[in-house]
Amino acid sequence: MAKSNQKITSEQLRSRYWFDNPDHPGTTALCIERYLNYGITLDELTSGKPIIGICQSGSDLTPCNRHHIELVKRVKDGIRAAGGVPFEFPMHPIHENVRRPTAALDRNLAYLGIVEVLHGYPLDGVVLTTGCDKTTPAALMAAATVNIPAIVLSGGPMLNGWRGAERVGSGTIIWELRKRLAAGDIDYAEFLSRASDSAPSIGHCNTMGTASTMNSMAEVLGMSLPGSAVIPAPYKERAMVSYDTGTRIVDMVWEDVRPLDILTREAFENAIVACSALGGSSNAPVHINAIARHAGIELDNDDWQRLGHEIPLLANVMPAGAFLCEEFHRAGGVPAILHELHTAGKLHGDALTVNGRSIGENLEGRETQDADVICRYADPLVEHAGFLNLKGNLFDSALMKTSVISRDFRERFLNDPSDPDAFEGKVVVFDGSEDYHARIDDPALNIDARTILVMRGAGPVGHPGGAEVVNMQPPEALIKQGIESLPCLGDGRQSGTSGSPSILNASPEAATGGGLALLESGDRLRVDLKRGEVQLLIDDSELEARRARLEQQGGYRYPGHQTPWQEIQRSMVEPLDRGMILESAIKYRDVARQHPPRDNH
């Protein structure tokens, strides 16, 4: 039943162009007749009920999202109860852990597929099911492009992982265990057994990795129902919010609430602030910048530092904290974080959300329920927890997540009283993850406790796709001496579950002429966080001579294309600091209204 604030009539439904178009009876009949062969009635298609798509991201290839296969049953119940007709369709699978050469290749491919479905099929609104890292930005990028009423439903994180009384966080435990394996403390069988402890139930990562971060960002942006982002996947409330999401999308169609009404500059600024307070993934700037650009808003890494760096860390959740998402949800989840930020005057409280209310209105009475898990703004875990956007003579932009700078790292590299928040070191350079794995334990590299490990050839073009390979562990010999981390720098990414304060996403990348291609093992770098700089300590004339020699050799060499899509993406993809989007894609916005699909018969 349409609500009193209905803004469109049944005659204005987009689906009527397909299913009830007397001006083109032949085409209408062709559109309708085959849907009837599995039991949909003519009345459902022609009586003015909104047709609601459900973008199904769950599959056997995407275990983090697989429970959406069941959850969409409740979504459909909600759609039908509100007077809509549900149509489920598949999303290109994206599984972060398994997809080679990297799931980052699939984000733009999935985005393209969703855009074509939403534009070319008779849908009045859509429920976008998300979970695993790249599923959320792909869905939101498509929603901004097509701009029909849309709402995000995440599948929720796994329950806490445990080994005895110790919390075991997904992803984060892997980075710890690989050091224990290298040190000889555990064997391969125990490595796999203990890693499995981190996945106790259905759902995505239970740490504040990219999955939990991006689904939290969907809520902060206003594209998910309040409080829904981190409900654990097995909780009964997850099925309940699925039903509520189904009912709400029907109302959104009648109210004509569209993504571009919600995805405003203010919403993205809220996302930057909240991501800092959450200790959110180092991948979030890539994805948020991409969504913003598809929404027609230019957002860059300078915005992330300007708006977010001085925001304190409030979420005591791994990898930046001690707890996991089950406790984070019970402590109040995303609304409690936003309540602290709003009370401190750090949010745009009038930003619109999918429930038709402002984000400020949604936060009434949503205080933290456990100050050990969600800290008060005045008593944070870390004072300044956002990202630094570093620049220098090797790149124009590279990000460092400051909330994960450990006490050990700070004492070893950033505590020189005569040179605070800065360090220098020689570099050892690796060309891709295969080179790193083959050579990291080679004694001839002379890697010591002050060495900076550099990974290049790992960006959107070089890898391709932007691989999560920059968080490199030291050689086994150093780990056995108790040195478990070294500074890392690269033109690729790292897992959002990693606690490494690596310098990531260096843009432009080596493969497209970036300065990392000019580095040589043995060079010295100066990293100055106070000045926001990374400088190669050689004369400009030597740097230019190296560039000339590289150009004479045909540029930085990287592996060839393995599939047609790799070649297509490489020819169109923008750098990580620009969101790693397809450069021509931002020409297309609000396409459902600006470019109605042509007749097919």
Side-chain angles (χ1 to χ4, degrees), residues 94-107 132-134 170-179 181-182 195 205 209-210 281-287 319 394-395 398-401 404 427-442 445 447 451-476 479 484-512 514 516-517 519 521 556-559 562 566 569-570 573 575-577 580:
I94 311 179
H95 179 28
E96 191 66 38
N97 299 16
V98 173
R99 172 65 157 104
R100 296 185 180 212
T102 169
L105 272 173
D106 286 329
R107 189 201 70 179
C132 192
D133 301 11
K134 309 298 184 298
S170 46
T172 303
I173 191 63
I174 304 294
W175 319 126
E176 176 61 29
L177 288 176
R178 68 179 186 175
K179 297 174 188 174
L181 182 65
C205 289
T210 307
S281 167
S282 57
N283 291 300
V286 178
H287 300 316
L394 293 175
F395 44 76
L399 288 175
M400 176 183 258
K401 178 178 172 180
V404 292
V427 303
V428 170
V429 182
F430 299 98
D431 291 290
S433 59
E434 295 85 356
D435 182 35
Y436 161 77
H437 289 298
R439 295 196 298 128
I440 182 60
D441 291 313
D442 184 352
L445 295 178
I447 297 174
T451 299
I452 301 172
L453 304 180
V454 176
M455 174 66 69
R456 67 186 178 195
V461 172
H463 189 72
E468 294 186 337
V469 294
V470 178
N471 53 325
M472 297 168 280
Q473 70 181 29
E476 289 185 7
I479 292 175
E484 297 192 347
S485 66
L486 292 174
C488 297
L489 163 67
D491 58 9
R493 303 177 298 112
Q494 74 181 27
S495 171
T497 65
S498 171
S500 168
S502 305
I503 299 171
L504 305 160
N505 306 358
S507 302
E509 62 178 296
T512 61
L516 290 189
L519 269 181
S521 291
Y556 181 81
R557 299 186 183 277
Y558 52 87
Q562 296 175 312
Q566 288 184 17
Q569 165 132 321
R570 275 172 157 165
V573 71
L576 286 166
D577 66 321
M580 203 181 72

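Side-chain atoms of Ser521 come within 3.5 Å of backbone atoms of Val429 as a donor-acceptor pair (strictly under, hydrogens ignored). At distances below 3.5 Å, not a single donor-acceptor pair connects side-chain atoms of Asp133 with backbone N or O atoms of Thr210. Put simply, the side chain of Asp491 gets close to the backbone of Gly457: a donor and an acceptor are under 3.5 Å apart. Arg107 places no side-chain N or O within 3.5 Å of a backbone atom of Lys134 that could act as its donor or acceptor partner.
At a threshold of 4.5 Å between non-hydrogen side-chain atoms, the residues Gln473 and Ile479 count as touching. Side-chain contact between Trp175 and Ser495 is present, with heavy atoms from C-beta onward closer than 4.5 Å. Contact annotation: the side chain of Phe430 approaches that of Ile440 to within less than 4.5 Å [non-hydrogen atoms, C-beta and beyond]. Residues Pro575 and Glu509 fail the side-chain proximity criterion, which asks for heavy atoms closer than 4.5 Å.
Atom CG of Leu445 is separated from atom OG1 of Thr451 by 9.0 Å, given to the nearest 0.5 angstrom. Expressed to the nearest 0.5 Å, how far CD1 of Ile174 lies from OG of Ser498 amounts to 12.0 Å. Note that OG of Ser433 is 6.0 Å distant from CE of Met455, once rounded to the nearest 0.5 Å. Here the straight-line distance linking atom CE of Met580 with atom CG of Leu105 works out to 7.5 Å at 0.5 Å rounding. Separating the CG atom in Leu576 from the CZ atom in Phe395 is a distance of 12.5 Å, to the nearest 0.5 Å. Annotation: the span from Ile447 atom CD1 to Leu486 atom CG amounts to 7.5 Å, rounded to 0.5 Å.
Residues Ser282 and Lys401 come closest through the heavy atom pair N-CD, 4.3 Å. Residues Asn505 and Leu399 come closest through the heavy atom pair ND2-CD1, 4.2 Å. Minimum interatomic distance between Arg493 and Ala104 (heavy atoms only, all atoms of both residues): NH2-CB, 3.6 Å. Nearest heavy-atom pair, Pro464 versus Thr102, reported as atom, atom and distance to 0.1 Å: O-CG2, 3.2 Å. Here the closest non-hydrogen pair linking Ala398 and Ala506 is CB-CA, 3.9 Å. Between Pro474 and Glu484, the shortest heavy-atom contact is CD-O, 3.5 Å.
Residue pairs meeting the side-chain hydrogen bond (donor to acceptor under 3.5 Å, both in side chains) criterion with at least one partner in residues 454-464, sequence neighbours excluded, are Asp431-Arg456.
For Asp441, the side chain to side chain contact (heavy atoms under 4.5 Å, CB included) partners are Pro475, Glu476, not counting sequence neighbours. Residues satisfying the salt bridge (Lys or Arg N to Asp or Glu O under 4.0 Å) test with Asp442, not counting sequence neighbours, are none. Residues passing the salt bridge (Lys or Arg N to Asp or Glu O under 4.0 Å) test with Asp106 are Arg99, sequence neighbours excluded. Gln569 is linked by a side chain to side chain donor-acceptor pair (under 3.5 Å) to Asn108, counting only residues two or more places apart in sequence or in another chain. Under the side chain to side chain contact (heavy atoms under 4.5 Å, CB included) criterion, Ser502 pairs with Val470, Asn471, Cys488, Gln494, Ser500, Leu504, not counting sequence neighbours.
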